[in-house]
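I'd like to ask you about the structure that follows.
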Amino acid sequence: MAKFLPCLDNQTVFQLDFMPLLMAAVTDLQSQVMALHSIYLNGSIAYRQATNGISDLNLTVVITAPLTVAEQHRIAIVCQDLKRHYSVISNVDITWLLLDDVLSITAIFKWGFWLKHCSVCLYGTNLGEQFGYFEPCWEIAKVFNDDIAAFLVCTQQQIKRTKSTIEYQDYCRRAGKKMLRSCFMLVACRSDDWAYTDQQCADFFLAFYPDKAIDIERLFVLINGPQVPKKASLFMVSQFGGWIVNEFNHIERKIG
């Protein structure tokens with residue numbers, strides 16, 4: 001019998017501290033984007049597990065035409081204003097998708113899955129309802145992990161260049177979260193569930209790779225602190241990140 005992956009709860013109210021932020025974000029995007037189709041919430045706020053002052057606002061916005069230069073400028077200001085006026089979040093991260101790309105058959109394992117199982121519609125026609133329920137499979141894991149090698153190279157360069165402590169901590173946090181998510185993608189097709197939180201990613205991964213427990217502990221240090229020397233973060237990105245990439249390629253050769 002098929003084992004379908006879970007969908008996020010779209011009925012329960014979000015954490016009250018984040019409600020004014022969500023309403024402002026939707027209102028601002030409606031007023032600034034002419035080709036707006038729909039807005040979706042992702043990440044810890046969507047899971048109702050956000051941490052005040054630490055969590056990011058993660059949105060996926062579907063548009064029917066590319067943003068104009070003027071719209072891109074206005075959106076950048078909107079994101080800055082949301083971050084400044086709502087201290088419950090540490091950052092605003094928006095993924096922009098063209099409607100035609102979302103509905104393309106070639107994108108079903110990425111954006112079809114993303115909108116169906118990892119998103120809560122805040123505004124517009126819910127495209128997630130146009131897709132059936134997905135089962136665990138390598139195709140999903142692969143499309144969400146195919147940028148890991150390039151990401152690691154870019155992150156190493158950013159860490160080496162920055163002289164800002166705030167930037168450095170942000171790069172470490174992003175690197176830790178990305179590698180932890182990639183660890184889950186290595187085992188996602190063998191799991192009967194989906195990891196939404198950092199801890200869930202770690203738990204699913206360690207069920208198959210218990211010998212990597214120390215590496216996972218180090219990823220949580222990158223994510224949550226305390227701050228580590230650049231030499232230590234670069235070592236993690238290079239060594240454990242390199243292992244993730246090699247393991248990903250090994251599985252792809254076996255399955256793909």
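This chain uses plain numbering: 1 for the first residue, then up along the sequence.
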Exercise for the section: Determine whether the side chains of Gln199 and Asp203 contain a donor N or O and an acceptor N or O closer than 3.5 Å. Expected result: yes
Problem - Flag, side chain of Thr27 to backbone of Met23, donor-acceptor distance under 3.5 Å - result: yes
Practice task
Measure from the side-chain N and O atoms of Arg48 to the backbone N and O of Thr12, and report whether any donor-acceptor pair falls under 3.5 Å.
Solution key: yes
Exercise for the section: Look up atom CG in Asp93 and atom OG1 in Thr60, then write down how far apart they are to the nearest 0.5 Å. Expected result: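 Rounded to the nearest 0.5 Å, the CG-OG1 separation comes out at 8.5 Å.
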Practice task
Can you measure from SG (Cys137) to CD1 (Ile255) and round to the nearest 0.5 angstrom?
Solution key: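 Separation between the atoms: 10.0 Å.
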Handout entry: Which residues share a ring pair (Phe, Tyr, Trp, His ring centres under 6.0 Å) with Tyr168, sequence neighbours left out
Key =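 None.
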Handout entry: CG on Asp17 to OG1 on Thr51, rounded to 0.5 Å
Key =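 Thr51 OG1 to Asp17 CG: 11.0 Å, rounded to 0.5 Å.
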Exercise for the section: Establish, for the pair Arg190 and Phe208, whether the NZ or CZ atom is under 6.0 angstrom from the six-membered ring centre and no further than 45 degrees off its axis. Expected result: yes
Problem - Asp146 and Lys142 ion-paired at < 4.0 Å - result: no
Problem - Side-chain donor or acceptor of Lys83 paired with backbone N/O of Val92 under 3.5 Å - result: no
Completion exercise
Heavy atoms of Glu129 and Lys116 approach each other most closely as CA-NZ, 4.4 Å
Handout entry: Phe151 and Ser182, any side-chain heavy atoms less than 4.5 Å apart
Key =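 No. Closest side-chain heavy atoms not under 4.5 Å.
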Problem - Member of Tyr209, Phe205, Phe248, Phe204 meeting the ring pair (Phe, Tyr, Trp, His ring centres under 6.0 Å) criterion with Phe184 - result: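 When ring pair (Phe, Tyr, Trp, His ring centres under 6.0 Å) is applied between Phe184 and each of Tyr209, Phe205, Phe248, Phe204, only Phe204 qualifies.
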Handout entry: Any donor-acceptor pair under 3.5 Å from Tyr47 side chain to Tyr196 backbone
Key = yes
